[in-house]
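These numbers were taken from a predicted model, which means no experiment stands behind them.
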Amino acid sequence: FPYTTLFRSFLGHLNSIYHALYVNYILAAVISGIIAFFFFPIIGVPYAFTLGFLMLTVGVIPIIGRVLVYVPVSLYFFVIGDPIKALWVLILSIIIFQLIVGIYLIPLLGRRSRAGIPKPVALLAYVIPFAALGLAGVVVGPAVYGFALALYRTYQDKRKEEDALAERPPSVEANAP
């Protein structure tokens, strides 16, 4: 079959992209939820289990998912008149959830997949479909985005291959009478 290598290239791109979009971010969300479940009670945050579960569910959204949990918790402490605890929640959450999980853990997981998806683009793959389709958009959006990106990368590979063949000088055998 003439398109076997092209199809395998497409499936290779699709596999690495889906791994980056689903496995990496879901694993990071689960880890964030577990950390929140143990971290929030230690610093005196009420409803730690509920907030840990919320961190797990919205933590899959790149860049802003975890922020959607710890910023309101910090604001809660400001509102009830405990600014010291509010600052502790905010500072420790930034260190744990944004720096350790967001800047260290997710790129560490991403190195395994070699998909090379920029975080803002991954954010758009989750947020825009979520806004349009609701919870189903979190599944459908990255799937459609990943499929389109795999098609584009396969096309790029094919173009590079064709360009490399076009730049090669004609062989001696081709010029023989």
Side-chain angles (χ1 to χ4, degrees), residues 1-37 52-71 93-175:
F1 296 106
Y3 295 106
T4 304
T5 57
L6 191 64
F7 186 67
R8 287 181 190 208
S9 173
F10 170 74
L11 289 179
H13 287 300
L14 194 63
N15 183 39
S16 66
I17 290 166
Y18 280 172
H19 188 275
L21 285 174
Y22 288 109
V23 176
N24 293 350
Y25 284 105
I26 290 172
L27 187 59
V30 168
I31 291 170
S32 296
I34 292 170
I35 291 170
F37 179 70
F53 182 74
L54 187 62
M55 181 77 75
L56 184 139
T57 55
V58 299
V60 74
I61 301 171
I63 302 171
I64 63 167
R66 295 173 299 279
V67 174
L68 294 174
V69 176
Y70 69 77
V71 168
S93 294
I94 288 171
I95 291 169
I96 293 170
F97 298 117
Q98 292 305 108
L99 297 178
I100 295 173
V101 174
I103 294 178
Y104 176 72
L105 181 66
I106 292 174
L108 181 68
L109 295 171
R111 276 190 226 127
R112 289 184 43 220
S113 68
R114 294 172 279 134
I117 300 171
K119 283 185 182 181
V121 175
L123 173 69
L124 293 176
Y126 280 97
V127 173
I128 291 173
F130 177 73
L133 302 173
L135 197 54
V138 174
V139 176
V140 173
V144 171
Y145 165 77
F147 189 84
L149 184 60
L151 281 175
Y152 175 71
R153 288 185 177 173
T154 305
Y155 171 75
Q156 279 184 321
D157 290 348
K158 184 72 173 158
R159 288 285 309 261
K160 286 179 187 175
E161 182 181 302
E162 289 172 355
D163 290 345
L165 287 174
E167 290 178 3
R168 241 190 310 168
S171 65
V172 176
E173 295 139 7
N175 293 335

**Student:** Is it true that, when you exclude Tyr18 itself, more than 12 heavy atoms of the residues, nucleotides or ligands shown sit nearer than 6.0 Å to its OH?
**Tutor:** yes
**Student:** Testing the basics here: between Ala29 and Gly59, what is the closest heavy-atom pair and its distance to 0.1 Å?
**Tutor:** CB-C, 3.5 Å
**Student:** Compare every heavy atom of Gly137 with every heavy atom of Pro129, then report the nearest pair and how far apart it is.
**Tutor:**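 Scanning both residues completely, I find the closest heavy atoms to be CB-O, 3.3 Å.
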**Student:** Any chance you could measure Glu162, atom CD, to Asp157, atom CG, to the nearest 0.5 Å?
**Tutor:**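 Answer for the CD-CG pair, Glu162 versus Asp157, is 11.5 Å.
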**Student:** Check Tyr126 against Pro142 and note the closest heavy-atom contact, atom names and distance.
**Tutor:**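 So the minimum-distance heavy-atom pair works out to CE2-CG, 3.6 Å.
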**Student:** Run the side chain to side chain contact (heavy atoms under 4.5 Å, CB included) test against Ala150 and tell me which residues pass, sequence neighbours left out.
**Tutor:** Phe10, His13, Leu14, Ile17
**Student:** Work out which heavy atom in Val30 is nearest to a heavy atom in Leu56; give both atom names and the distance.
**Tutor:**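 Reported closest heavy-atom pair: CA-CD1, 3.9 Å.
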**Student:** Can you see which heavy atom on Leu54 is nearest to which on Thr57, and at what distance?
**Tutor:** O-OG1, 3.0 Å
**Student:** Who are the side chain to side chain contact (heavy atoms under 4.5 Å, CB included) partners of Glu161, not counting sequence neighbours?
**Tutor:** Lys158
**Student:** Could you work out, with side chain to side chain contact (heavy atoms under 4.5 Å, CB included) as the rule, every residue matching Val23, not counting sequence neighbours?
**Tutor:** His19
**Student:** Tyr70 versus Val67: any side-chain heavy-atom pair under 4.5 Å?
**Tutor:** yes
**Student:** Measuring from atom CZ of Phe7 to atom OG1 of Thr154, what distance do you get when rounded to the nearest 0.5 angstrom?
**Tutor:** 10.0 Å
**Student:** Ignoring hydrogens, what is the shortest heavy-atom contact between Met55 and Gly33? Give both atom names and the distance.
**Tutor:**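 Between these two residues, the closest heavy atoms are CG-N, 3.9 Å.
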**Student:** Below 4.5 Å, heavy atoms only, C-beta onward: do Phe37 and Phe53 meet side chain to side chain?
**Tutor:** no
**Student:** Do side-chain atoms of Ser32 reach the backbone of Ala28 as a donor and acceptor pair under 3.5 angstrom?
**Tutor:** yes
**Student:** Working to the nearest 0.5 Å, report the span between CD1 of Ile31 and CD1 of Ile26.
**Tutor:** 12.0 Å
**Student:** What distance separates Leu99 CG from Ser93 OG, expressed to the nearest 0.5 Å?
**Tutor:**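 These two atoms lie 11.0 Å from each other.
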